[in-house]
Amino acid sequence: MSYKFFAAFLLAGGFFGGASAQLVTLDCYFNNEWHKDNNGDSVRYHYTWEDKANSGFSKLGDVFTRQGFTLNELTVAPTSENLRLSSVYIIVDPDTKAESPNPNYVSPADVEALRNWVKAGGILVLMGNDKGNAEFGHFNTLAGAFGIHFNEDCVNHVIGKDHEPGKITLPGGDSIFKTPLLLYMKDVSSLGLQSPARPAILHGDTVIAATSRYGKGVVFAVGDPWIYNEYIDNHNLSPGFQNTEGAEAWVAWIKSQVPGVNDPADKARPGAHHLQKLWETDTVVMTPESVLPDLSKGILYVSEIGRGDASAFDGNGGVAKIGTDGRIIDLHWVTGLNSPKGLGRYKNTLYAADLTDVAVIDIPSGKVVRTIPVEGAGMLNDITVDDNGIVYVSDTRTAKVHRIGPDGTVTTWLTGMTGANGLKAIGKDLYVLSGTRFLKVGPDRKQTQVALLDHGGDGLEPLTGGDFLATAWNGYVYYVYADGRVELLLDTHLLKRNTADIGYDPQHRIVFVPSFWGWTVAAYRLD
């Protein structure tokens, strides 16, 4: 189906009266190779949907269609208009002069058009090739716009049918390839990366594939067209390779990145403010509950409940350190806690709410120096510390908020706080999320309702002008205005990705969201 026909068809209400189908568009402009078929006719071939020979992408097209995509090809230079209906745009193996007598090179106008398209939510896939088999100079001007460089080398060189040098072993457990896989990639260009690009496939220390988040979209780059017909299944491979399973996982991940498919921020109620995803860790943070930034050091302290029951006294919880850019620093910085939730900091001391005790952690050493038991506690949850070092900790199960003085003395400061969770001390006031109620409590303990949420509150962070960010654990992030209006920013509840106790960088307006059962921490820019 040509782009022009597809656009007219869709706008006329195609696909059974307008049901949305994601359009994956394959470039046939930068890769524009032709040969004679058996009838002597000139036909386009080499990494095209219609090419069913070993050189084609027809089997990859089948993977996309099985997952609900509609296939499309673009035979002219990309523009914002001709990509308007495309969710995914794939450029593979741009032509050299040896492959096409008049190759179409990537131009500055093409780079600008694709930057804007990705920024608006497009998914751009860049597939290179090994040295001598693809054009690199102009192609790298596009890849470089997203922090990626094809190194024009040859990794995993294979001679004949000795497939052993082409093995790529994936351990699984990341956001793209969730289970271990054995892939085959031969004669691959390695990648060099700069921020915001991050490795997606590593072969030893060599980057084979990468992702780069840009605006609302994402770029995936790989140094080889690894899932063309010859190697997508095992008809030309030794037993044991799993390129088909890898292709299915990869396409499923691409689909999950398309705004409006699994982009919870795009499904939130429209309003004046929005969240734009910047990055997300791999699924390695063991049940993260709270994120507490130390912006002067570029560190996020993240409480990890660990595996198993979130209320268990099992000793497998702790605190991780992650960079504010999403890099993992130390997933086991503090160990031996039970099921830590809220975190608070005063100078060089970190406090963690650990079920019935508050763990006191010396930040320079990363050691628990003491624990403060809270008599009668059911499940201590959030922690905040005021300017004088007074610690407040909520107890969700007993509906109380406790106060811990500098000498470690514990007193019950508030009662009747049903579902008590998120806390934030600001000046002389304490802000409390109590079920769906968002309360301001003065030093005289007088309560004033700030707002009413749709769901029971969890995390709480102040903004300017009396506004706040608030979360509900089952998967919602809200913008709360000082006048009590509530705007939904993020909705992940259908994905079963809980949004717990967030952190916030006010200078750059970045929100750090722990996904709890999702085992990730993500960063969003607040617009």
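- Judged by distance alone, the side chains of Tyr476 and Asp454 never bring a donor and an acceptor atom under 3.5 Å apart.
- Residues Leu26 and Asn72 form no side-chain contact, since every pair of their non-hydrogen atoms from C-beta on lies 4.5 Å or further apart.
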Test side-chain contact (heavy atoms from CB on, under 4.5 Å) applied to Asp282 and Trp519, step by step: CA-CA 8 Å; Asp282 287 335; Trp519 282 35; over 6 Å; no

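- Annotation: ring pair (Phe, Tyr, Trp, His ring centres under 6.0 Å) contacts of Phe516 (sequence neighbours excluded): Trp473.
- With sequence neighbours left out, the side-chain contact (heavy atoms from CB on, under 4.5 Å) criterion links Asn39 to Asp37, Asp41.
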Full working for side-chain hydrogen bond (donor to acceptor under 3.5 Å, both in side chains) between Thr65 and Asp62: CA-CA 5 Å; Thr65 55; Asp62 292 340; 4.5 Å; no

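- Lys321 pairs by the side chain to side chain donor-acceptor pair (under 3.5 Å) definition with nothing, not counting sequence neighbours.
- Under the 3.5 Å distance criterion, with hydrogens and angles disregarded, no donor-acceptor pair is assigned to the side chains of His138 and Asp110.
- Legend: residues meeting side-chain contact (heavy atoms from CB on, under 4.5 Å) with Ser58, ordered by chain and number and at least two apart, are Lys52, Asn229.
- The CD1 atom of Ile123 sits 11.5 Å away from atom CD1 of Ile90, with the distance rounded to the nearest 0.5 Å.
- If you look at Trp250 and Phe220, their ring centroids are closer than 6.0 Å.
- Between Lys59 and Asp233 there is a side-chain heavy-atom pair separated by less than 4.5 Å.
- Counted by atom type alone, Ser86 and Thr25 present one or more donor-acceptor pairs between their side chains at under 3.5 Å.
- Side chain to side chain, Gln257 and Arg213 meet the donor-acceptor criterion of an N or O pair below 3.5 Å.
- Here the closest non-hydrogen pair linking Val521 and Pro288 is CG2-CB, 4.3 Å.
- Here Tyr478 and His455 keep their ring centres 6.0 angstrom or further from each other.
- Judged by distance alone, the side chains of Gln22 and Gln67 never bring a donor and an acceptor atom under 3.5 Å apart.
- Between Phe146 and Leu114, the shortest heavy-atom distance links the atoms CZ-O, 4.3 Å.
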Test ring pair (Phe, Tyr, Trp, His ring centres under 6.0 Å) applied to Phe512 and Tyr504, step by step: CA-CA 6 Å; Phe512 303 102; Tyr504 184 60; 8.4 Å; no

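- When all heavy atoms of Leu126 and Leu142 are compared, the closest pair comes out as CD2-CD2, 3.8 Å.
- Asp51 and Trp49 share no side-chain donor-acceptor pair at under 3.5 Å.
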Stepwise salt bridge (charged side-chain N to carboxylate O under 4.0 Å, His left out) test for Asp224 and Lys186: CA-CA 8 Å; Asp224 186 65; Lys186 74 163 189 172; over 6 Å; no

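- Checked by atom type, the side-chain pair Tyr524/Gln276 shows no donor-acceptor distance below 3.5 Å.
- Applying the side-chain contact (heavy atoms from CB on, under 4.5 Å) test to Ala113 and every residue at least two apart in sequence or in another chain returns nothing.
- Rounded to the nearest 0.5 Å, atoms CD (Glu248) and CG (Leu60) are 9.5 Å apart.
- The nearest pair of heavy atoms linking Gly246 to Leu181 is CA-CD1, 3.8 Å.
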Trace of the side-chain hydrogen bond (donor to acceptor under 3.5 Å, both in side chains) decision for Asn236 with Tyr231: CA-CA 6 Å; Asn236 273 341; Tyr231 297 124; over 6 Å; no

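- Rounding to the nearest 0.5 angstrom, the gap separating the CD1 atom in Ile168 from the CE atom in Met185 is 6.0 Å.
- The line from CG of Asp27 to CG of Asp93 is 10.5 Å long, rounded to the nearest 0.5 Å.
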Worked check of side-chain contact (heavy atoms from CB on, under 4.5 Å) between Leu237 and His163: CA-CA 7 Å; Leu237 287 178; His163 297 137; 4.2 Å; yes

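- Tested against Leu490 for a side chain to side chain contact (heavy atoms under 4.5 Å, CB included), the candidates Val477, Ile502, Val511 yield a single pass: Val477.
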Worked check of side-chain contact (heavy atoms from CB on, under 4.5 Å) between Asn32 and Arg44: CA-CA 7 Å; Asn32 184 30; Arg44 194 188 305 274; 2.5 Å; yes

Name every donor-acceptor pair, under 3.5 Å, that has one atom in a side chain of residues 189-200 and the other anywhere in the protein, sequence neighbours excluded.
{"residue": "Ser189", "atom": "OG", "partner": "Asn151", "partner atom": "N", "Å": "3.3"}
{"residue": "Ser189", "atom": "OG", "partner": "Glu152", "partner atom": "N", "Å": "3.4"}
{"residue": "Ser190", "atom": "OG", "partner": "Asn151", "partner atom": "ND2", "Å": "2.9"}
{"residue": "Ser190", "atom": "OG", "partner": "Asp153", "partner atom": "OD1", "Å": "3.3"}
{"residue": "Ser190", "atom": "OG", "partner": "Asp153", "partner atom": "OD2", "Å": "2.6"}
{"residue": "Arg198", "atom": "NH1", "partner": "Glu280", "partner atom": "O", "Å": "3.0"}

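- Rounding to the nearest 0.5 angstrom, the gap separating the CG atom in Leu295 from the CG atom in Leu300 is 8.0 Å.
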Stepwise side-chain contact (heavy atoms from CB on, under 4.5 Å) test for Thr492 and Thr499: CA-CA 8 Å; Thr492 58; Thr499 48; 3.7 Å; yes

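- Two rings, from Tyr47 and Phe57, have their centers less than 6.0 Å apart.
- No side-chain N or O of His274 forms a donor-acceptor pair with one of Asp527 less than 3.5 Å apart.
- The distance between the ring centers of Phe438 and Phe468 falls below 6.0 angstrom.
- With contacts defined as side-chain heavy-atom distances shorter than 4.5 Å, the pair Val63/Ile232 qualifies.
- Taking every heavy atom of both residues into account, Cys28 and Thr48 meet most closely at SG-CG2, 4.3 Å.
- Here the closest heavy-atom approach between residue Asp458 and residue Ala500 is recorded as OD1-C, 3.7 Å.
- With hydrogens and angles left out, the side-chain atoms of Arg497 and Thr520 include a donor and acceptor closer than 3.5 Å.
- Summarising the geometry, atom CG belonging to Asp187 is positioned 8.0 Å from atom CG belonging to Asn129; distances are rounded to the nearest 0.5 Å.
- Side-chain contact check for Ser55 and His46: no donor-acceptor pair (N or O, by modelled atom type) lies under 3.5 Å.
- The local environment of CG in Asp205 is sparse, with at most 12 non-hydrogen atoms from other residues, nucleotides or ligands closer than 6.0 Å.
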